[in-house]
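We use all heavy atoms of the structure for the numbers below, so side chains are in, but hydrogens, waters and symmetry mates are not. Just so you know, ligand 1 is whichever comes first in the structure, and atom 1 is the first atom listed for that ligand. Please read these numbers as outputs of a predicted model, since none were measured by experiment.
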Amino acid sequence: MTAFAVFASGYGSNLERFIEETRAPDERARLALVVSDRPECRAVALARQVVIPTFAFDPRAYPDKAAFECEILSELRAHDVQWIILAGYMRLVGSTLLDPFRYRILNVHPSLLPDFPGKDAIGQALRAGVSMTGVTVHYVDEGIDTGLAIAQTRIAIAPRDTLDTLAERIHAAEHRLCPAVALPLIRETEIT
Ligand code: GRF
């Protein structure tokens, strides 16, 4: 069994999919920890509801990123976590976590990277007037959505699309793609 953590800052719909998809008693990927920089967010409430351990912290209580990432690292180690999935975690990951977890941190982003990195990727695509956007699952590095892409889903933008209609299709695609990419990688991990 390989343990993984989900990092989230908001609604937690991607987290919900990981909870659902790792429920089976013979599942080899175990969702061992949910980490959040927003203790009041729905993702944290969701994790607590299904009794998954959480580490929810207020970044303002720490002098810098290294300080809270040190605590996150201890929690990850205490729960034997091998993989991290960023699912709506709205912060850049620093070297305290990147160094020990290099090529074991994945992010899901709502655009066809390298197009439209950063915040409001769905709005950015709409405003740019492109006819195609999508979803990317990629490894995380120091940059903003710059790590190596593993898989993408393409989604056509219709002329009548609004932020809401497009976001609905993009989120549905994220919910399929992210567990489909991440869970086989997690399950196949040899623990040394
Ligand atoms: C998703 O669109 C994800 O791609 C982005 O943040 C959003 C998180 O949504 N990084 P949720 O919290 O999983 O519902």
Side-chain angles (χ1 to χ4, degrees), residues 4-23 29 31-50 52 54-57 59 72 83-94 97-98 101 104-128 130 132-157 161-183 185-186:
F4 70 102
V6 170
F7 285 27
S9 306
Y11 191 72
S13 64
N14 283 285
L15 167 65
E16 226 168 325
R17 292 314 179 283
F18 279 100
I19 293 172
E20 278 162 17
E21 296 216 12
T22 55
R23 254 195 193 136
L31 177 44
L33 183 68
V34 170
V35 173
S36 181
D37 59 339
R38 299 219 180 122
E40 308 305 325
C41 76
R42 178 178 174 272
V44 170
L46 207 63
R48 291 198 174 131
Q49 235 172 49
V50 293
I52 292 169
T54 56
F55 177 64
F57 62 98
I72 296 176
W83 282 85
I84 297 171
I85 313 299
L86 306 186
Y89 181 66
M90 302 306 282
R91 283 177 186 277
L92 271 180
V93 176
L97 293 178
L98 271 175
F101 280 91
R104 282 185 296 144
I105 309 181
L106 303 178
N107 182 43
V108 56
H109 182 78
S111 78
L112 292 176
L113 290 171
D115 293 344
F116 312 121
K119 287 189 183 155
D120 188 26
I122 303 172
Q124 288 187 55
L126 268 181
R127 288 191 295 277
V130 294
M132 194 66 73
T133 185
V135 170
T136 303
V137 176
H138 65 95
Y139 286 107
V140 172
D141 65 10
E142 288 77 2
I144 300 178
D145 304 319
T146 51
L148 180 70
I150 306 173
Q152 295 186 308
T153 302
R154 288 156 55 90
I155 293 169
I157 302 181
D161 261 324
T162 62
L163 195 58
D164 285 346
T165 60
L166 182 57
E168 199 181 317
R169 294 205 301 291
I170 289 199
H171 289 139
E174 287 182 348
H175 299 156
R176 287 188 296 270
L177 188 68
C178 193
V181 171
L183 291 176
L185 291 173
I186 296 168

Heteroatom distance test (Met90, ligand 1): nitrogen or oxygen, under 3.5 angstrom: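 Not met; the criterion fails.
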Any non-hydrogen side-chain atom of [X] less than 4.5 Å from a side-chain atom of [Y]?
X      : Y      : answer
Ile105 : Trp83  : no
Arg42  : Glu16  : yes
Thr133 : Leu166 : yes
Phe18  : Phe4   : yes
Pro110 : Glu174 : yes

[atom]: nearest protein contact (heavy atom, Å):
atom                    : result
atom 9 (O) of ligand 1  : Asn14 ND2, 3.8 Å
atom 10 (N) of ligand 1 : Val108 O, 3.1 Å
atom 14 (O) of ligand 1 : Ser13 OG, 2.5 Å

Against heavy atoms of [X], which atoms of ligand 1 measure under 4.0 Å?
X      : value
Tyr11  : 12 (O), 14 (O)
Glu174 : 1 (C), 2 (O), 3 (C), 4 (O)
Pro110 : 2 (O), 4 (O)
His171 : 2 (O)

Gln124 side chain vs Pro117 backbone, donor-acceptor pair below 3.5 Å: yes
Asp115 versus Ser111, side-chain donor and acceptor atoms under 3.5 Å: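 No, no side-chain donor-acceptor pair sits under 3.5 Å.
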Shortest reach to atom 7 (C) of ligand 1 by a heavy atom, considering only Gly12, Cys41, Cys178, Gly88: Gly88
Close approach of Ala8 to ligand 1, heavy atoms, under 4.0 angstrom: no
